[in-house]
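Have a look at the structure below before the remarks.
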Amino acid sequence: MSSQKPDYILWGFTSTLLWGIFVTFIFITTQVIALLAYAHLRHGQISEDLLNKLSVDGTALSIATFATLILCSLITFGIIKLKKGADVKKYLAINAIDLKTVKYWAIVTIIFIIIIDVLLYLLGQPIVVDFMSNIYTSANPLWLMWLAVAIAAPIFEELFFRGFLLSGFASSFVGPIGAIVLTSLAWASVHLQYNIYGILTIFIAGLILGFARLKTNSIITTIMMHSLMNSIALIETSVYVSNQASAL
């Protein structure tokens, strides 16, 4: 992971940070608008109690996730194009990977999840948090949530965090290691719906994803890993919800 600058045009550290804040603002705004629109179409009158329920409504959050994928991805592409001479594909490291790379990083991802699950168990912490079980049981149709969590969310989050932000930060004074840490902190900070153990897990996962991104020079690697992480989390949630239903 050399600190040598790439042979293509990038936004600098300050610009990357400011653009990152801007995209984050659009991300939050889009999610809020999507949730309000869903509430209005589904329930008509909007109340504070309804909005609180929507924050853990699997269907509403799935729709909001697809909305942010489309809008925020396009905005990110546009920001890159605003930089004269920038190449979107190179900027975001949208490079193909071979089957060997896929297998290797898939194994790394699975080992990471096993270690985290064992540690959570030993610490007496739930492997499936209430947030996940709530959105899973409230999702209708369930397949929409699967697509949102396993595909839509990983695509945008990787394009933004391990693509746009990491590229800009890595070529600045903080270097590749600093970029991995910064993007991991930023990624963890947008997952405040989880408890402290969940946020810490996401931060560590971000470090692994950042390393994989720079090691393979491909955002495809981290999208695959992120999707695998989320898919396994959904499978664990499905098993947990089924066991809870059987116990009643």
Side-chain angles (χ1 to χ4, degrees), residues 1-34 64-97 101 105 151-192 199 202-227 229:
M1 291 186 293
S2 171
S3 59
Q4 181 179 359
K5 290 188 177 183
D7 59 352
Y8 51 91
I9 305 299
L10 294 163
W11 288 103
F13 178 86
T14 302
S15 297
T16 299
L17 178 62
L18 292 176
W19 279 125
I21 293 172
F22 173 73
V23 174
T24 301
F25 172 77
I26 297 298
F27 175 87
I28 294 172
T29 303
T30 302
Q31 291 234 322
V32 170
I33 292 174
T65 299
F66 278 105
T68 52
L69 165 65
I70 296 170
L71 181 59
C72 294
S73 294
L74 290 175
I75 289 175
T76 301
F77 298 153
I79 290 170
I80 294 172
K81 294 301 290 183
L82 282 175
K83 187 69 173 178
K84 187 177 181 180
D87 183 292
V88 172
K89 184 177 178 181
K90 289 182 178 180
Y91 205 116
L92 299 175
I94 305 175
N95 301 313
I97 53 176
T101 301
W105 289 104
I151 297 178
I155 290 175
F156 168 67
E157 290 179 18
E158 293 310 311
L159 287 174
F160 180 57
F161 290 101
R162 256 69 60 178
F164 178 76
L165 292 182
L166 192 142
S167 290
F169 290 149
S171 65
S172 73
F173 65 92
V174 301
I177 300 301
I180 291 174
V181 174
L182 284 177
T183 52
S184 298
L185 286 170
W187 188 44
S189 70
V190 299
H191 290 83
L192 298 180
I199 295 173
I202 291 169
F203 172 72
I204 297 172
L207 297 178
I208 296 173
L209 289 169
F211 180 80
R213 153 68 175 82
L214 293 180
K215 186 72 174 177
T216 65
N217 190 33
S218 176
I219 204 70
I220 304 300
T221 306
T222 62
I223 290 175
M224 177 273 295
M225 294 171 69
H226 193 158
S227 178
M229 289 178 187

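Computation of the quantities below employed the complete heavy-atom set of this structure, encompassing side-chain atoms and omitting hydrogens, waters and symmetry-equivalent molecules.
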So which heavy atom on Ala93 is nearest to which on Arg213, and how close? CB-CZ, 3.5 Å
Between Ile208 and Met225, what is the shortest heavy-atom contact and its length? CG2-CE, 3.9 Å
For Pro176 and Leu214, work out which heavy atoms get closest and say how close. CB-CD1, 3.6 Å
Taking ring-ring contact (aromatic ring centres under 6.0 Å, His included) as the test, write out the residues that go with Phe156, two or more places apart. Phe27, Phe160
Restricting to ring-ring contact (aromatic ring centres under 6.0 Å, His included), what partner residues turn up for Phe13, sequence neighbours left out? Phe169, Phe173
Hey, what do you get for OG1 (Thr76) to CG (Leu165), rounding to the nearest 0.5 Å? 8.5 Å
Shortest non-hydrogen pair, Val174 vs Ala179, comes out as CG2-N, 3.9 Å
Strictly by side chain to side chain donor-acceptor pair (under 3.5 Å), give each pair with a member in residues 182-192 just once, sequence neighbours left out. Glu157-Trp187
Ile75: what forms a side chain to side chain contact (heavy atoms under 4.5 Å, CB included) with it, not counting sequence neighbours? Phe22, Val23, Ile26, Leu71, Ile79
For side-chain contact (heavy atoms from CB on, under 4.5 Å), just list the numbers for Lys83 and Leu10, CA-CA rounded to whole Å, side-chain angles, deciding distance to a tenth of an Å, and then say yes or no. CA-CA 7 Å; Lys83 187 69 173 178; Leu10 294 163; over 6 Å; no
Would Val190 and Phe161 satisfy side-chain contact (heavy atoms from CB on, under 4.5 Å), going step by step from the backbone distance to the final call? CA-CA 11 Å; Val190 299; Phe161 290 101; 4.0 Å; yes
Side chain of Thr68, backbone of Thr65: donor and acceptor closer than 3.5 Å? yes
Test Phe164 against Leu159 for side-chain contact (heavy atoms from CB on, under 4.5 Å), laying out the working first. CA-CA 6 Å; Phe164 178 76; Leu159 287 174; over 6 Å; no
Can you give me the closest heavy-atom contact between Thr222 and Leu209, atom names plus distance? CG2-O, 3.1 Å
All pairs passing salt bridge (Lys or Arg N to Asp or Glu O under 4.0 Å) where residues 161-187 contributes a residue, at least two apart: Glu158-Arg162
In chain order, what residues pass the side chain to side chain contact (heavy atoms under 4.5 Å, CB included) check against Ser218, with sequence neighbours excluded? Asn95, Ile97, Thr216, Ile220, Thr221
